[in-house]
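Okay, so here's the structure we're looking at.
The sequence lines fix the lettering, A, B, ..., with proteins before strands; numbering per chain opens at 1.
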Amino acid sequence: MAESTKCTECGLCRTACPVFDIMKVETLSPRGKVMLLKEDVKDEIFYACTLCKNCTVACPLKLELDKDFKNHRAKLEEDNKTTDAYKVLIDNVRKYGNPFGKVEEGKLPKELFCC
Amino acid sequence: MIATLKEKIGDENISQKEIDKISYSSDASRVRGIADSIVWPRTLNDVRTVISYAKRHRINVVPRGAGTGLAGGAVPQNSIVMDMGRMNRFAVKDDKAIVEPGAVLDDINSVSEFVLPVEPGSHSVCTVGGMIATNAAGMRALKYGKMIDWIDELHVIDGNGRLIKAKGEKIKDFCGLEGTTGVVVRARLKLAKLPQKRSTSIFSYDAITPLVEKFNSLKKENVLAMEFIDKYCSRLIGLGDSNHLLVEYEGDEGSIKDEESRKVWKARDGLYASISSKGYIIAEDPQIPLESIDKFLYWLQKNDVPTFGHIGIGVVHPHFKKDSKLVEEMFAVVKKLKGSVSGEHGIGLLKKPYVGQEFIDRVKALKAVYDPNNVLNGGKVI
Ligand SMILES: Cc1cc2nc3c(=O)[nH]c(=O)nc-3n(C[C@H](O)[C@H](O)[C@H](O)COP(=O)(O)OP(=O)(O)OC[C@H]3O[C@@H](n4cnc5c(N)ncnc54)[C@H](O)[C@@H]3O)c2cc1C
């Protein structure tokens, strides 16, 4: 059973989430994303998660919500609904073995791509 | 229409995106409502602007803190949800604090030895605005009372868009009214030092009578918290197959100390979610006169209603499955025992059918003064 189906929506994960902590938007909190999962919403918001597992630490039920978010990203990928940044990142990993693209020896990457 | 509001409070502080409407459609009660839009005010003026806009366009506004309320108080009814999370500044000086409503309790309590000692189980996330609006209590209410006991002054924007500075008796017009009379925009709070030395004892009993006898015999002066945990809940947190009384002492009278003691209380913090995950998603919070608490606990035990709570002040949390007929029966028992419908979570949407006429009349009278157009949290409480 998916972890999110067991979520009681108590909200105790909110402040543990580094993304929520900065933005203060419920949709970006683990609970907010669980509510979207329950409605099977396919949106790039699922990339706004660092997969840090802090929500699991804070969760009274120790739910591993990051697993659900990761699985959902796979579905987004199937439906071609990933972010542009993510596409570039994956391309770079395939081509150059790193997410930054071609980086010259001793130089910093020109563009940083993160999921 | 919403464009005018965007212009006034800034594009980044308002949303009508579908994903936001979904995530703001509920709170910890899990009752789903409908959000028209979401706003994140940053200043008192933003709050006033939104309320004036809502009044003009006859839209309902629901103030929202962390959305940990268990009575559906922050669930929108075709409303503008006003998320107070970005108004979260606070300053602590000695035993006083000035706070914005979106400040989180544990944040306020992390900066000094003086703390706001009212501690709901949601202390790591709940906001001071939500605590004021619900008149929150919690684990240490026996010693430290409820939120209302810690407020010196409130600044509130009412449904007319007026800034009201409430002190003394006037605080009662807003504290515990769940955002139906005004939006708290600032508060001056009293703080206290928690005793350095604290310890815990756990007493287990098979039957209710000796547990209540023990409860009555405990010296109240050095007791900070007293929690009842029934057999079902005790099993869930690994305490075994009895009813338990969890007692926190000021000083070292208790047998469990330091880290071990913290672990026990952390397990107690997680009880709500554990029970809820077993399908008991309705968490009630009646307050029963202490002299009748034994009768109430018997009734709950006889009907297999999983229960824990702050027995020290007579507030317990019976849990029910969705659509359980027992909820109504329980409130009949509460009435018979001269208890009140809600000791701390508030009335919200879920407990409206059980409130008395006296309460309804009081809320109506306050609404007539502070929110005659019913802009604020309409459909709640009464
Ligand atoms: C695990 C868990 C344990 C809990 N334990 C306790 C407990 O021990 N004791 C207790 O009392 N409660 C407890 N609660 C309930 C809840 O956490 C408290 O009622 C808390 O004070 C709500 O704060 P909030 O910021 O989440 O408010 P919200 O849930 O967002 O809002 C609650 C109500 O306040 C109104 N409101 C919010 N902010 C404002 C504002 N600025 N101005 C006007 N109105 C406003 C809302 O409209 C709503 O009606 C618990 C909940 C959970 C999930």
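Residues Cys10(A) and Thr68(B) are not in side-chain contact: their nearest non-hydrogen atoms beyond the backbone lie 4.5 Å or more apart. Using a 4.5 Å heavy-atom cutoff, the side chains of Tyr280(B) and Thr8(A) are not in contact.
Heavy-atom pairs under 4.5 Å with chain A peak, among Ser25(B), Gly85(B), Ala267(B), at Gly85(B). No other option in Val41(A), Leu12(A), Leu28(A) has as many heavy-atom pairs under 4.5 Å with chain B as Leu12(A). Heavy-atom pairs under 4.5 Å with chain A were tallied for Val125(B), Asp269(B), Asp83(B), Ile38(B); the largest tally goes to Val125(B). Heavy-atom pairs under 4.5 Å with chain A were tallied for Ala66(B), Ala28(B), Cys126(B); the largest tally goes to Ala66(B).
Atom CD1 in Ile45(A) sits 6.5 Å away from atom CG in Asp20(B) (nearest 0.5 Å). Of the inter-residue distances, the one linking Thr27(A) atom OG1 with Glu18(B) atom CD reads 11.0 Å to the nearest 0.5 angstrom. Rounding to the nearest 0.5 Å places CG of Leu37(A) at 11.0 Å from CD1 of Ile22(B). In this structure, Glu39(A) CD and Ile19(B) CD1 are separated by 13.0 Å, a value rounded to the nearest 0.5 Å. The structure places NZ of Lys21(B) at 14.0 Å from CE of Met35(A), a figure rounded to the nearest 0.5 Å. Remark: Arg30(B) CZ to Glu9(A) CD distance equals 6.0 Å, nearest 0.5 Å.
Within a 6.0 Å sphere centred on NZ of Lys102(A), heavy atoms belonging to other residues, nucleotides or ligands number 12 at most. By the 6.0 Å contact criterion, CD on Glu104(A) is open, its count of non-hydrogen atoms from other residues, nucleotides or ligands being 12 or less. Under a cut-off of 6.0 angstrom, the local environment of NZ in Lys266(B) is sparse, with at most 12 non-hydrogen atoms contributed by other residues, nucleotides or ligands. Other residues, nucleotides and ligands place more than 12 heavy atoms under 6.0 Å from the CZ atom of Arg32(B). More than 12 heavy atoms of other residues, nucleotides or ligands sit less than 6.0 Å from atom NZ of Lys42(A). Heavy atoms of other residues, nucleotides or ligands lying less than 6.0 angstrom from NZ of Lys67(A) number 12 at most. In Lys70(A), the NZ atom is not crowded: 12 or fewer heavy atoms of neighbouring residues, nucleotides or ligands sit closer than 6.0 Å. Enclosure of atom CZ in Arg140(B) by more than 12 non-hydrogen atoms of other residues, nucleotides or ligands within 6.0 angstrom is indicated.
Closest non-hydrogen pair, Ser277(B) versus Leu61(A), comes out as CB-CD1, 3.5 Å. The two atoms that bring Gly32(A) and Ser23(B) nearest to each other are CA-CB, 3.9 Å, heavy atoms only.
For a residue to count as touching a neighbouring chain, one of its non-hydrogen atoms must lie under 4.5 Å from one of that chain's; by this rule Ser15(B) does not touch chain A. For chain B, no part of Val34(A) is nearby; none of its heavy atoms comes within less than 4.5 Å. Looking at Cys59(A), there are no atoms closer than 4.5 Å to chain B (heavy atoms on both sides), in backbone or side chain. In this structure, chain A has a heavy atom under 4.5 Å from the side chain of Asn88(B), while its backbone stays farther away. When heavy atoms are compared at a cutoff of 4.5 Å, Lys38(A) approaches chain B solely by way of its side chain, counted from C-beta outward.
Counting only distance, with no hydrogens or angles, the side chain of Arg31(A) and the backbone of Gly67(B) share a donor-acceptor pair below 3.5 Å. Between the side chain of Thr15(A) and the main chain of Ser124(B), a donor-acceptor pair closer than 3.5 Å is present.
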